[in-house]
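Each chain gets a letter, A, B and so on, in the order the sequences are listed, and its residues count up from 1.
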Amino acid sequence: MIHDFLVVWSERGLLLSGLANTTILSVLSAIMALALGIILVPGLMSKRKAIAAAMRFFVDGMRCVPFLLFAYIVYYGLPSLGLRFDNWSSGLLALTIYNAAYMAEILRGAWVAQPREPIEAGSAFGFSDFLLFRRIILPPLLLNVSPIIGNQMIQIIKDSAFLTIIALPELTHAASSIQSRHYVPFAAFISAVLLYWGLCLLVEAGVSVVGRVAEARR
Amino acid sequence: MSLNDVLAILQGALATVTLSAIGILIGLPIGLGLALIRWARVPVLSGIVAVYVSVLRATPLVTLLLLLFFALPNIGIPLGPISAAILALTMNTSAFNCEVWRSSLVNFPKDQYEAAQSFGMQAGQRFRRIILPQIIHDSLPGLVNEMSLLIKVTPVLAVVGVVDITRAAVRIGAQTYEPLPPFLVAVAIYAPIVYALVALQRFIEKRRAAAEAST
Amino acid sequence: MNDPQKILYIAGLSKSFGKLQVLSDISFSVERGETICLLGPSGSGKSTLLRCINWLERPNAGRIYLNGSEIGVTGHGLVMKDSELSKLRTRMGMVFQHFALWPHLTVLQNVMEAPVQVQKRAKAEVEAEALALLAKVGLSDKRDVFPARLSGGQKQRVGIARALAMKPDVLLFDEPTSALDPELVGEVLLVMRALASEGMTMVIVTHEMAFARDVASRILFLDQGRLIESGTPADFFTRPQTERARLFIQRYAGVAAA
């Protein structure tokens with residue numbers, strides 16, 4: 001067994017590049033998904049029924065589609081639309097669009113739960129709709145949802161493992177390669193599992209830091 | 001794509017739903033057991049469960065599945081793809097269920113528990129008669145949410161060769177050189193299943209909110 | 001209507017929520033330096049009236065003028081654009097019942113937020129004024145604290161400083177002390193008294209009878225959505241014209257004496 005782990009150690013370059021890919025992929029798509037979510041959420045809350053319904057359809061739709069199938073559809077579907085992306089870009093795109101729906105829903109939930117008065121105070125002090133959203137509604141929203149966004153971040157890290165099926169060289173793919181090259185399945189996958197765990201613990205630590213900042217502003 | 005192809009995908013869906021259901025049925029009580037160990041602060045075991053839950057929650061199902069499928073036979077435990085799938089689903093969902101159960105246990109009002117004690121109920125009775133009915137009620141939306149999440153990750157069972165929607169879709173795509181339609185059919189089958197669970201969760205929460213508002 | 005003495009001019013204001021008529025045909029005006037106290041039993045529409053003045057609630061009928069410019073409706077009779085409404089709202093400071101401080105900003109940032117972001121004034125200048133305002137409400141030492149750490153009375157004093165920072169023509173108070181513990185009411189009323197004696201124009205919805213009697217230059221009495229009495233505190237409290245007002249004063253007399 002120790003021998004197996006030594007084999008994995010000798011392939012650490014591969015494993016670490018997989019970890020790097022998983023991290024970059026997750027962080028990039030989380031940031032872009034959050035940004036997209038921020039753009040989408042005023043639509044979800046829109047008083048215009050058609051806009052709200054269209055957003056609702058997108059958000060609910062995404063939440064009902066398994067990510068793996070969505071990733072396949074983006075991967076195979078984009079070329080038939082005439083768009084040629086490499087594995088990396090289409091994986092990133094799939095992760096981003098898929099999670100944007102979740103981010104929008106998370107933000108909407110917190111928006112609805114926010115007390116109405118500070119928002120009204122914003123209106124009373126002459127904030128226009130856009131300024132009101134940017135300065136008054138959004139900042140506490142982001143602080144309040146940070147634990148849920150942390151959970152979603154962990155979900156994104158895990159979803160990114162699905163992208164191994166489109167041969168994106170992320171962490172699980174790296175572990176698979178090591179296992180098939182040397183036949184050390186236990187050591188290879190356990191190493192991957194521990195690295196995923198470490199990544200998630202980091203996210204949780206980050207959330208608790210943000211949580212402390214948020215606590216003072218509640 | 002022929003009617004047969006659609007049927008093949010449907011058959012895959014059936015396999016998926018069955019496997020998920022088995023995973024859920026086994027995972028629910030295991031999750032409750034794990035939660036109780038944590039809640040009662042059983043020495044040593046409680047720490048082990050905490051680590052188990054933390055690791056499992058961080059592990060992608062694909063990675064867990066590959067680990068079980070390749071590594072267990074390697075250390076002398078023969079395991080077919082279906083058993084590997086059920087084991088992976090159960091481990092995954094039990095860790096998440098544990099957290100749902102645990103949060104309702106932690107939030108359980110202490111005075112009720114003490115009232116049961118003062119009426120002379122013993123530990124087993126207290127749990128069965130007073131705690132369990134209430135935490136089931138309390139945990140239900142969270143558990144249904146976990147179920148929908150579990151069903152959403154099952155397409156990945158194709159990786160170890162369980163006959164399943166995705167696998168059928170990939171096979172058909174390879175035969176017809178039109179990869180997209182089988183996946184769209186697969187989505188059309190999966191989405192309503194997940195939607196039904198999401199709708200169920202919303203229904204429960206709404207009814208609860210209405211009941212609370214009326215009191 | 002262009003009388004420079006008249007800061008607010010309200011004519012025929014009505015508001016209903018669905019079938020419920022909350023305000024019926026309210027008309028009055030407010031002159032520079034006046035302290036108006038809006039009294040009335042709960043549910044009489046006082047808060048709604050205040051919220052209609054700055055169009056937090058959209059009235060169903062009637063006109064509202066601030067310094068001669070109509071609020072909410074353009075010269076062509078159309079509902080104002082957000083940006084036009086915004087400009088007028090900055091001329092009216094509002095103090096809320098539940099403070100409505102912005103939880104993600106410190107005390108000083110709360111006071112500076114609207115002048116800098118909405119009125120686009122220079123940050124350094126606003127900061128100097130904001131610090132002076134905090135000193136005035138006795139909260140200089142709390143400038144870098146977040147609202148969650150303040151007592152109710154302190155929160156409301158920040159709320160007043162925040163409203164003053166926009167240099168409004170009129171301050172609107174929506175039951176500023178009714179969410180406070182009794183022992184914290186005094187410190188807020190003290191600040192409001194000081195503002196009244198400095199000649200700040202104020203419209204105050206309140207249940208503090210003693211305060212209204214001492215500080216108001218005029219009392220407006222609302223009952224079931226109608227403005228049924230208007231007069232000096234001395235007239236209102238000693239010689240009410242209507243039976244409803246007499247009953248109201250009687251019921252609150254104990255409170256006022258306390």
Side-chain angles (χ1 to χ4, degrees), chain A residues 34 37-38 41-43 45-48 51-52 106-150 206-218, chain C residues 47 50-51 53-58 80-107 109-120 144-150 155 158-159 162-166 168 171-174 179:
Chain A
L34 183 59
I38 290 171
V41 72
M45 297 289 285
S46 176
K47 286 190 196 85
R48 291 192 197 122
I51 295 177
I106 289 169
L107 291 171
R108 189 199 64 85
W111 188 340
V112 172
Q114 251 188 355
R116 218 183 38 164
E117 269 206 328
I119 300 175
E120 265 185 359
S123 299
F125 279 67
F127 284 77
S128 61
D129 284 347
F130 177 66
L131 200 58
L132 188 68
F133 178 68
R134 193 167 62 82
R135 301 282 312 180
I136 304 296
I137 299 177
L138 194 57
L141 210 57
L142 288 178
L143 284 172
N144 286 344
V145 298
S146 65
I148 315 178
I149 286 184
V207 166
S208 85
V209 170
V210 178
R212 247 172 282 144
V213 175
E215 195 53 45
R217 293 163 173 77
R218 217 175 282 285
Chain C
S47 287
L50 207 65
R51 294 160 57 83
I53 291 177
N54 66 0
W55 264 57
L56 280 181
E57 301 287 357
R58 189 167 153 182
M80 267 185 181
K81 276 192 304 204
D82 191 41
S83 55
E84 299 170 276
L85 198 52
S86 155
K87 248 184 229 126
L88 286 167
R89 279 171 167 163
T90 58
R91 310 302 318 137
M92 297 176 278
M94 181 136 180
V95 176
F96 290 77
Q97 181 177 3
H98 298 283
F99 328 121
L101 298 180
W102 296 308
H104 59 296
L105 302 176
T106 63
V107 163
Q109 286 167 341
N110 257 284
V111 178
M112 291 173 61
E113 177 71 9
V116 172
Q117 295 296 329
V118 180
Q119 294 178 321
K120 309 283 181 210
D144 295 323
V145 168
F146 288 102
R149 301 281 296 277
L150 300 177
K155 280 182 191 166
V158 175
R162 179 177 69 168
L164 286 170
M166 294 200 307
L171 276 183
L172 310 174
F173 289 81
D174 186 7

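Proximity to chain A (any heavy atom under 4.5 Å) is shown, for Leu85(C), by neither the backbone nor the side chain. Interface remark: Leu143(A) contributes side-chain atoms only to the contact with chain C (heavy atom separation under 4.5 Å). Of the atoms belonging to Arg51(C), it is side-chain heavy atoms, and not backbone ones, that fall under 4.5 Å from chain A. With a 4.5 Å cut-off on non-hydrogen atoms, Met94(C) touches chain A through its backbone and its side chain both. Heavy-atom distances place both the backbone and the side chain of Glu113(C) under 4.5 Å from chain A.
Within the 4.5 Å cutoff, the side chain of Trp55(C) has no heavy atoms near those of the Met80(C) side chain. Put simply, the side chain of Phe99(C) does not reach to within 4.5 Å of the side chain of Val158(C), judged on heavy atoms. Looking at heavy atoms from C-beta onward, Leu138(A) lies out of side-chain contact with Val41(A) at the 4.5 angstrom threshold.
Across Gly159(C), Ser83(C), Ser86(C), Ala163(C), the residue that shares the most heavy-atom pairs under 4.5 angstrom with chain A is Ser86(C). Counting heavy-atom pairs under 4.5 Å between each of Pro115(A), Gly122(A), Pro140(A), Ser128(A) and chain C puts Pro140(A) at the top. Ranked by heavy-atom pairs under 4.5 Å with chain A, the list Val118(C), Val95(C), Leu101(C), Leu105(C) is led by Val118(C). Chain A forms the most heavy-atom pairs under 4.5 Å with one residue out of His104(C), Arg89(C), Gln97(C), and that residue is His104(C). Interface summary for chain A: among Lys87(C), Lys81(C), Met166(C), Gln117(C), the most heavy-atom pairs under 4.5 angstrom belong to Gln117(C).
Remark: Arg135(A) is not positioned above the aromatic ring of Phe127(A), lacking an NZ or CZ atom under 6.0 angstrom from the ring centre and at most 45 degrees off the axis.
Phe146(C) meets the ring-ring contact (aromatic ring centres under 6.0 Å, His included) test with no other residue; sequence neighbours excluded.
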Test log, rule side-chain hydrogen bond (donor to acceptor under 3.5 Å, both in side chains), inputs Asp174(C) and Ser47(C): CA-CA 6 Å; Asp174(C) 186 7; Ser47(C) 287; 2.7 Å; yes

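The environment of Lys120(C) atom NZ is dense: over 12 non-hydrogen atoms of other residues, nucleotides or ligands sit within 6.0 angstrom.
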